[in-house]
Amino acid sequence: MIRATDAEGWRARDLEVLWHPCTQMREHPDTLPLIPVAGGEGAWLLGRDGRRYLDAVSSWWTNLFGHAEPRIGAAIAAQARNLEQVILAGFSHAPAVELAEQLLAIAPREAGRAPLAKVFYADNGSAGVEVALKMAFHWFRNRGEDQRTKFVALANGYHGETLGALAVGDVPLYRRVYAPLLAECLFAPSPDAYLAEPGQSPEDCARRAAEALDALLQAHAGEVCAFILEPLVQCAGGMRMHHPLYLRLARDLCDAHGVMMIADEIAVGFGRTGTLFACEQAPAGGIQPDLLCLSKGLTGGFLPLAAALATQSIYEGFLDDSRERAFLHSHSYTGNPLACAAALAALSIFGSDDVLARNRATAARMAALAAPLGSHRHVADLRQTGMIVAFELARDGKRATPFDPGSRVGLRAYRAGLDRGVVLRPLGDILYWMPPYCIDDAQLELLATVTAEVIDEATACA
Ligand code: PMP
């Protein structure tokens with residue numbers, strides 16, 4: 001039972017002092033609702049307006065096991081009574097060590113390749129990406145390969161908003177205005193299966209994109225230090241999905257061209273795609289990147305933390321008498337003990353609750369509930385990878401005819417979802433389900449019913 005409190009008062013106080021992320025503030029609160037939240041409970045957010053909202057986007061893809069999950073909360077509280085923070089240069093603490101041990105033990109592994117062997121912590125996803133990019137660049141410099149200054153990334157990829165991460169991202173809405181400030185990056189075509197020409201399979205898209213990557217690396221032989229991608233799903237780019245074959249082909253191409261492979265599993269890691277890590281789904285036993293970026297679900301969605309996992313060979317490339325050849329990158333809160341304790345608690349839930357098996361069952365249920373929506377006249381594509389389902393809305397249900405951006409179909413859908421107590425925060429005109437893993441059957445049915453209504457309502461007048 002939630003009691004309506006002073007939502008209006010909190011909204012007014014908020015707008016007096018806060019500048020919100022990813023928001024044109026002018027749209028608040030009339031065009032874009034602002035929902036003061038008092039608490040969370042499982043897959044629900046409890047609004048100060050007395051209503052509850054189903055968090056179908058896992059609070060920006062961070063939450064794994066539900067809000068206020070008691071085991072993670074208890075682990076953070078226990079750690080806070082003992083040690084809340086300590087400088088990680090020159091000092092060490094058990095949660096950081098234990099978490100690194102466990103992450104290395106579960107990280108993707110490929111036969112015949114030396115495993116990921118070292119963990120470098122940062123404190124948010126973008127910072128984790130910066131770490132990986134800087135490591136790749138600096139490693140080659142330490143070897144005297146000074147001409148390897150460029151990164152290769154995928155069209156429509158997203159890796160965060162800081163200037164380094166933004167440089168390797170290709171979502172124009174976030175990138176365009178800052179383009180003059182960004183490091184040089186070459187973009188290879190995305191293997192996105194949505195871009196298939198008639199008669200092409202997702203594998204064909206993967207092969208075609210890999211050929212283009214090969215040509216790009218060939219054309220810039222000796223100039224590229226790393227290739228970065230989001231394995232299986234380009235999330236912020238619209239939940240665009242590709243065939244796992246691409247991971248294998250890209251891994252082989254990185255080896256052939258002597259380029260490091262950075263897998264950004266910040267959004268797709270920790271069971272979201274059906275396996276613990278998306279890289280595991282590549283053919284022939286999965287692939288192992290040279291650098292793996294993790295964040296978001298790492299702490300179960302409780303606290304900001306990121307980790308860049310690196311091979312022993314990368315680590316050894318920085319061992320030297322000179323401090324300049326060391327990797328000096330540092331954040332005050334690197335490896336924060338509270339965040340590491342949260343991450344350890346989250347990992348132990350994977351062990352105790354058979355999370356991956358439950359996710360497979362939930363994903364099958366999501367597929368069954370989403371299927372009828374696939375034939376809606378405004379749904380141009382329905383796609384799914386594990387516990388991510390996306391509905392690409394288009395004017396006449398065909399891929400080539402998106403809605404006029406001015407009609408703000410996605411925003412209409414978002415508002416219609418909130419009216420019905422469901423958070424369906426769109427990416428443009430793409431709606432998606434990416435719920436906490438604890439979502440139950442009744443909640444999934446509500447999600448499906450509301451999604452159908454919302455698509456009808458949002459597209460009716462567009
Ligand atoms: N990489 C990917 C794949 C992401 O989805 C995100 C966040 N949406 C980031 C990096 C950046 O993470 P953060 O927002 O914590 O900086």
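- For Thr401 and Asp396, the side-chain atoms include at least one donor-acceptor pair closer than 3.5 Å.
- Heavy-atom minimum distance, Tyr121 versus Ala307: CD2-CB, 4.2 Å.
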query: Passes side-chain contact (heavy atoms from CB on, under 4.5 Å), Ile287 versus Arg248? Steps please.
result: CA-CA 6 Å; Ile287 57 133; Arg248 163 58 51 208; 3.5 Å; yes

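- Under the 6.0 Å cut-off for aromatic ring centres, Phe403 and His378 qualify, their centroids lying closer than that.
- Contact check for Leu232 versus Met241: no side-chain heavy atoms found under the 4.5 Å cut-off.
- Asp192 and His242 share no donor-acceptor pair across their side chains, judged by distance under 3.5 Å alone.
- The backbone N or O of Ala127 sits nowhere less than 3.5 Å from a side-chain atom of His329 that would complete a donor-acceptor pair.
- Between atom CD1 of residue Ile35 and atom CG of residue Leu46 there is a gap of 12.5 Å, rounded to the nearest 0.5 Å.
- Residue Gln102 holds its CD atom at 11.0 Å from SG of Cys340, rounded to the nearest 0.5 Å.
- For His331 and Asn124, the side-chain atoms include no donor-acceptor pair closer than 3.5 Å.
- Under a cut-off of 6.0 angstrom, the local environment of CD in Gln200 is crowded, with over 12 non-hydrogen atoms contributed by other residues, nucleotides or ligands.
- Rounding to the nearest 0.5 Å places CG of Asn359 at 9.5 Å from CE of Met366.
- Using modelled atom types, no side-chain atom of Arg425 and backbone atom of Tyr414 make a donor-acceptor pair closer than 3.5 Å.
- No side-chain heavy atom of Arg240 sits under 4.5 Å from any side-chain heavy atom of Val233.
- Judged by distance alone, with hydrogens and angles left aside, the side-chain atoms of Glu392 form no donor-acceptor pair with the main-chain N or O of Ala380 at under 3.5 Å.
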task: Go through the steps for Phe227 and Leu229 under the test side-chain contact (heavy atoms from CB on, under 4.5 Å), then give the verdict.
output: CA-CA 7 Å; Phe227 167 63; Leu229 87 168; 4.0 Å; yes

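- Ring to ring, Tyr174 and Tyr158 are close: their centroids are under 6.0 angstrom apart.
- Between the side chain of Asp440 and the main chain of Ala442, a donor-acceptor pair closer than 3.5 Å is present.
- Taken to the nearest 0.5 Å, the CD atom of Gln234 stands 12.0 Å off from the CG atom of Leu427.
- The side-chain heavy atoms of Asp441 and Glu445, taken from C-beta on, include a pair separated by under 4.5 Å.
- No side-chain heavy atom of Met239 sits less than 4.5 Å from a side-chain heavy atom of Val389.
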- request: Walk me through it: do Tyr246 and Leu213 pass the test side-chain contact (heavy atoms from CB on, under 4.5 Å)?
  value: CA-CA 10 Å; Tyr246 185 76; Leu213 175 63; 3.6 Å; yes

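- At a threshold of 4.5 Å between non-hydrogen side-chain atoms, the residues Trp61 and Ile266 do not count as touching.
- Salt bridge annotation for Glu453-Arg420: present, with a cationic side-chain nitrogen under 4.0 angstrom from a carboxylate oxygen.
- Looking at Leu294 and Leu292, their side chains come closer than 4.5 Å, going by heavy atoms from C-beta outward.
- Listed here is the closest heavy atom pair of Leu83 and Leu338: O-CD2, 4.3 Å.
- Residues Met135 and Ala310 approach most closely at SD-CB, 4.3 Å, considering heavy atoms.
- With Tyr194 as the aromatic partner, Arg383 meets the cation-pi criteria of under 6.0 angstrom to the ring centre and within 45 degrees of the ring axis.
- Using a distance-only test at 3.5 Å, with no hydrogens or angles considered, a donor-acceptor pair links the side chain of Arg415 to the main chain of Thr31.
- If you take CZ on Arg109 and SG on Cys279, they are separated by 14.0 Å, rounding to the nearest 0.5 Å.
- Note that CG of Leu64 is 11.5 Å distant from OG of Ser59, once rounded to the nearest 0.5 Å.
- By the 30° and 60° cut-offs, the orientation of the rings of Phe350 relative to Phe270 is tilted.
- A donor-acceptor pair is defined here as one N or O able to donate and one able to accept, closer than 3.5 Å; no such pair exists between the side chain of Glu101 and the backbone of Ala96.
- Of all heavy-atom pairs spanning Leu393 and Val409, the tightest one is CD1-CG1, 3.9 Å.
- Remark: Arg208 engages Glu197 in a salt bridge, criterion side-chain N to carboxylate O under 4.0 Å.
- Distance alone, capped at 3.5 Å, is enough to place a donor-acceptor pair between the Thr275 side chain and the Phe277 backbone.
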query: Could you walk me through whether Glu69 and Ile349 pass the side-chain contact (heavy atoms from CB on, under 4.5 Å) check?
result: CA-CA 10 Å; Glu69 208 292 331; Ile349 292 175; 3.7 Å; yes

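- For the pair Thr385 (side chain) and Ile388 (backbone), a donor-acceptor distance under 3.5 Å is absent.
- Contact record, Gly164 with Leu133: O-CD1, 3.5 Å, taken as the closest heavy-atom pair.
- The shortest distance between side-chain heavy atoms of Phe391 and Asp381 does not fall below 4.5 Å.
- Arg175 places a side-chain N or O within 3.5 Å of a backbone atom of Leu166 that can act as its donor or acceptor partner.
- Between the side chains of Ser126 and Glu161, not a single donor N or O lies within less than 3.5 Å of an accepting N or O.
- Here the shortest heavy-atom pairing between Asn156 and Val171 reads O-CG2, 4.2 Å.
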message: Between Ser201 and Asp204, does the side chain to side chain donor-acceptor pair (under 3.5 Å) criterion hold? Intermediate values first, please.
response: CA-CA 5 Å; Ser201 68; Asp204 295 334; 3.2 Å; yes

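- Enclosure of atom CZ in Arg358 by more than 12 non-hydrogen atoms of other residues, nucleotides or ligands within 6.0 angstrom is indicated.
- The existence of a salt bridge linking Glu27 and Arg408 is confirmed by a sub-4.0 Å separation between a basic side-chain nitrogen and an acidic carboxylate oxygen.
- Between Arg13 and Glu16 no salt bridge is recorded (no basic side-chain N to carboxylate O distance below 4.0 Å).
- If you run side chain to side chain donor-acceptor pair (under 3.5 Å) between Ser58 and each of His67, Lys296, Arg272, only Arg272 comes through.
- Between Val152 and Leu186 the shortest side-chain heavy-atom distance falls below 4.5 Å.
- At least one donor-acceptor pair under 3.5 Å links the side chain of Thr23 to the backbone N or O of Pro21.
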